[in-house]
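Below is one structure; the comments refer to it alone.
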Amino acid sequence: MTLPYRIGFGEDAHRLAAGRPLILGGVPVPHAERGAVAHSDGDAVLHAVADALLSGLSLGDIGAHYPDTAAENAGLDSRLILTRCLDLVRERGYVPTNVALVVTLDRPKLGPLRAEIARSVADLLGLAAPEVGVSFKTSEGLAPDHVQVRVTVLLARGEG
Ligand code: C5P
Ligand code: MG
């Protein structure tokens, strides 16, 4: 059955280590003591958004499309991954209408970057910034060495 709307959900987590940049939604986090350990650039927001897009249309996940064991995917710009996943969604006649994402990170505080991250993710998806909701949570010390992101997206048919 061809549904007018489909919900997608994505998640990503990365371990944090010194000497790595921390990039969230395409935005470098200034003064981050640690960044994501990853095969790619470790942007957990863009990875989770890309997985949300794919999941909404049952297209698998980014690991299936971009295996982290493949040499050509090393250091791959996550913006490129997201753009390609968006193309797959559009090819099937759907567009994202709004996104809600939650970043769980103990430090640093990300509140000052909320608008910039929303704008960056919106630009990549062809949305307006108010269509990207950005929330931050600490893990309350339960996962101090990780960054984790959860994303929902609503896909609508026939508006592309
Ligand atoms: O996790 P907790 O509920 O204690 O977080 C309190 C608030 O701190 C969040 O609602 C969010 O506004 C902010 N926060 C933040 N940056 C983080 C984690 C939380 O700005 N890395
Ligand atoms: Mg990732």
Side-chain angles (χ1 to χ4, degrees), residues 6-57 61-63 65-66 68 73 75-90 94-156 159-160:
R6 299 192 53 138
I7 293 172
F9 178 68
E11 190 271 348
D12 194 33
H14 283 276
R15 196 162 57 81
L16 298 170
R20 303 275 311 180
L22 182 60
I23 304 170
L24 294 172
V27 176
V29 177
H31 313 304
E33 294 161 15
R34 299 183 297 172
V37 177
H39 190 62
S40 69
D41 63 10
D43 190 325
V45 169
L46 296 190
H47 294 170
V49 173
D51 261 354
L53 292 175
L54 295 177
S55 85
L57 292 174
D61 55 42
I62 54 173
H65 292 264
Y66 303 98
D68 64 5
N73 295 333
L76 193 61
D77 187 331
S78 297
R79 289 172 295 191
L80 192 64
I81 294 174
L82 180 57
T83 301
R84 288 177 182 167
C85 291
L86 181 60
D87 286 344
L88 292 175
V89 167
R90 286 181 171 151
Y94 286 83
V95 290
T97 65
N98 77 299
V99 173
L101 68 91
V102 182
V103 180
T104 303
L105 179 73
D106 281 5
R107 285 188 304 137
K109 285 289 182 191
L110 296 170
L113 295 177
R114 193 188 315 271
E116 197 177 343
I117 291 171
R119 162 61 55 200
S120 175
V121 172
D123 284 350
L124 287 165
L125 294 175
L127 296 173
E131 291 156 0
V132 179
V134 179
S135 307
F136 304 118
K137 296 298 290 182
T138 70
S139 78
E140 295 285 355
L142 293 171
D145 301 322
H146 291 78
V147 58
Q148 185 164 25
V149 181
R150 299 171 177 96
V151 176
T152 56
V153 62
L154 186 68
L155 306 176
E159 293 174 23

Rounded to the nearest 0.5 Å, what's the gap from [atom1] on [X] to [atom2] on [Y]? Could you check?
X: Arg15; Y: Arg34; atom1: CZ; atom2: CZ; result: 9.5 Å
X: Thr97; Y: Leu154; atom1: OG1; atom2: CG; result: 3.5 Å
X: Lys109; Y: Thr138; atom1: NZ; atom2: OG1; result: 6.5 Å
X: Ile81; Y: Leu124; atom1: CD1; atom2: CG; result: 12.0 Å
X: Glu140; Y: Thr104; atom1: CD; atom2: OG1; result: 10.5 Å

If you look at every heavy atom in [X] and [Y], which pair is closest and at what distance?
X: Pro96; Y: Leu127; answer: O-CD2, 3.3 Å
X: Gly8; Y: Ser55; answer: CA-OG, 3.4 Å
X: Leu16; Y: Pro144; answer: CD1-O, 4.1 Å
X: Leu22; Y: Ala36; answer: CD1-N, 4.3 Å
X: Ala44; Y: Val147; answer: CB-CG1, 4.4 Å
X: Val29; Y: Leu24; answer: CG2-CD1, 3.9 Å

Decide yes or no for [X] and [Y]: does some side-chain heavy atom of the first lie under 4.5 Å from some side-chain heavy atom of the second?
X: Val149; Y: Glu11; result: no
X: Val45; Y: Leu101; result: yes
X: Leu113; Y: Glu116; result: yes
X: Val103; Y: Leu110; result: yes
X: Lys137; Y: Leu105; result: no
X: Glu33; Y: Arg107; result: yes

Please confirm whether the backbone N or O of Gly141 pairs with a side-chain atom of Asp106, one donor and one acceptor, at under 3.5 Å? yes
Hey, is the main chain of Asp77 close enough, under 3.5 Å, to the side chain of Asp41 for a donor-acceptor pair? no
Apply side chain to side chain contact (heavy atoms under 4.5 Å, CB included) to Val89 and Leu155, showing your working. CA-CA 8 Å; Val89 167; Leu155 306 176; 4.2 Å; yes
Take a 6.0 Å sphere around [atom1] of [X] and say whether it holds more than 12 heavy atoms from other residues, nucleotides or ligands.
X: Arg6; atom1: CZ; value: yes
X: Ile7; atom1: CD1; value: no
X: Arg20; atom1: CZ; value: yes

Trace of the side chain to side chain contact (heavy atoms under 4.5 Å, CB included) decision for Ile117 with Phe136: CA-CA 11 Å; Ile117 291 171; Phe136 304 118; 4.2 Å; yes
Among Asp51, Ile62, Leu125, which one satisfies side-chain contact (heavy atoms from CB on, under 4.5 Å) with Cys85? Ile62
In Val27, Leu46, Val134, the residue satisfying side-chain contact (heavy atoms from CB on, under 4.5 Å) with Val121 is Leu46
Does a salt bridge link Arg150 with Asp12, judged by any charged N lying under 4.0 Å from a carboxylate O? no
Using distance alone, with no hydrogens and no angle criterion, decide if His47 and Ser78 have a side-chain donor and acceptor under 3.5 Å apart. yes
